[in-house]
Amino acid sequence: MPIIHFVQKNQAGEPVIQDVQYKAGQTVMQVAVGAGMEGIAADCGGLLTCATCHVYVPPDWINRLPEATADEQGMLDFVTAALQPGSRLSCQITLTEALDGFTVELPPTQY
């Protein structure tokens, strides 16, 4: 099964990586919620109405994804953590077998 790497900073500011298996067709948000991942609130359940599943996609992965839609780009205006060039909403990233080893960084807060 393919794996996604979730990177979150601990209280000391050091990165902690949690690897989670996924099935092709799931979104990053679905995988995170299913794994009980802290750091992705996903209040709207993936309906693109809350922006509480914000993640940072590293530069080496961002070009492997479809571009964010206009709706997603509009919702990114509502995230709490600072936007970065790789900011995306995890509910809008559908995983494929080709994304095995995909890495996302979780922001310090969703609220």
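Numbering of residues begins at 1 and proceeds along the displayed sequence. Note that these values count all heavy atoms, side chains included, but never hydrogens, waters or copies made by symmetry.
A 4.5 Å side-chain heavy-atom check between Val55 and Phe6 finds every atom pair outside the cut-off. Side-chain contact check for Glu14 versus Lys9: every heavy-atom pair is 4.5 Å or farther apart. Leu99 is listed as a side-chain neighbour of Tyr22, based on a closest heavy-atom distance under 4.5 Å. The side-chain heavy atoms of Ile17 and Val7, taken from C-beta on, include a pair separated by under 4.5 Å. In this structure, Gln18 and Gln8 have side chains that are not in contact, with every pair of non-hydrogen atoms separated by 4.5 Å or more. The shortest side-chain heavy-atom distance between Phe102 and Val57 falls under the 4.5 Å cut-off. In this structure, Ile4 and Asp19 have side chains that are not in contact, with every pair of non-hydrogen atoms separated by 4.5 Å or more. Under the 4.5 Å side-chain criterion, counting only non-hydrogen atoms from C-beta, Met29 is in contact with Ile40.
In this structure, CD1 on Ile62 lies 12.5 Å from OH on Tyr56, to the nearest 0.5 angstrom. Here Thr49 contributes atom OG1 and Asp71 contributes atom CG; the two are 11.5 Å apart, rounded to the nearest 0.5 Å. To the nearest 0.5 Å, atoms OH (Tyr111) and CG (Asp43) are separated by 3.0 Å. Once rounded to the nearest 0.5 Å, the distance linking CG of Leu76 with CD of Gln92 reads 9.5 Å. To the nearest 0.5 Å, atoms NZ (Lys23) and CG (Leu95) are separated by 13.5 Å.
When every heavy atom of Trp61 is checked against every heavy atom of Thr103, the shortest pair comes out as NE1-N, 3.7 Å. The heavy-atom pair separating Met75 from Ala51 by the smallest distance is O-CB, 3.5 Å. Here the closest heavy-atom approach between residue Ala81 and residue Thr109 is recorded as CB-O, 3.7 Å. The minimum heavy-atom distance linking His5 with Ile3 is given by the pair CE1-CG2, 4.0 Å. The two residues Asn10 and Ala12 make their nearest non-hydrogen contact at OD1-N, 2.9 Å. The two residues Pro2 and Asp100 come nearest to each other via the heavy atoms CA-OD1, 3.2 Å.
Taken together through direct or relayed side-chain contacts under 4.5 Å among Ile, Leu, Val, Met, Phe, Trp and Tyr, Leu89 and Val31 form parts of separate hydrophobic clusters.
A salt bridge links Arg88 with Glu72: the closest approach of a Lys/Arg side-chain nitrogen to an acidic carboxylate oxygen falls below 4.0 angstrom.
For Ser90 and His54, the side-chain atoms include no donor-acceptor pair closer than 3.5 Å.
Enclosure of atom CD in Gln73 by more than 12 non-hydrogen atoms of other residues, nucleotides or ligands within 6.0 angstrom is indicated.
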Problem set entry | Chi angles and distances behind the side chain to side chain contact (heavy atoms under 4.5 Å, CB included) call for Thr80, Gln110 | CA-CA 6 Å; Thr80 301; Gln110 296 289 347; over 6 Å; no
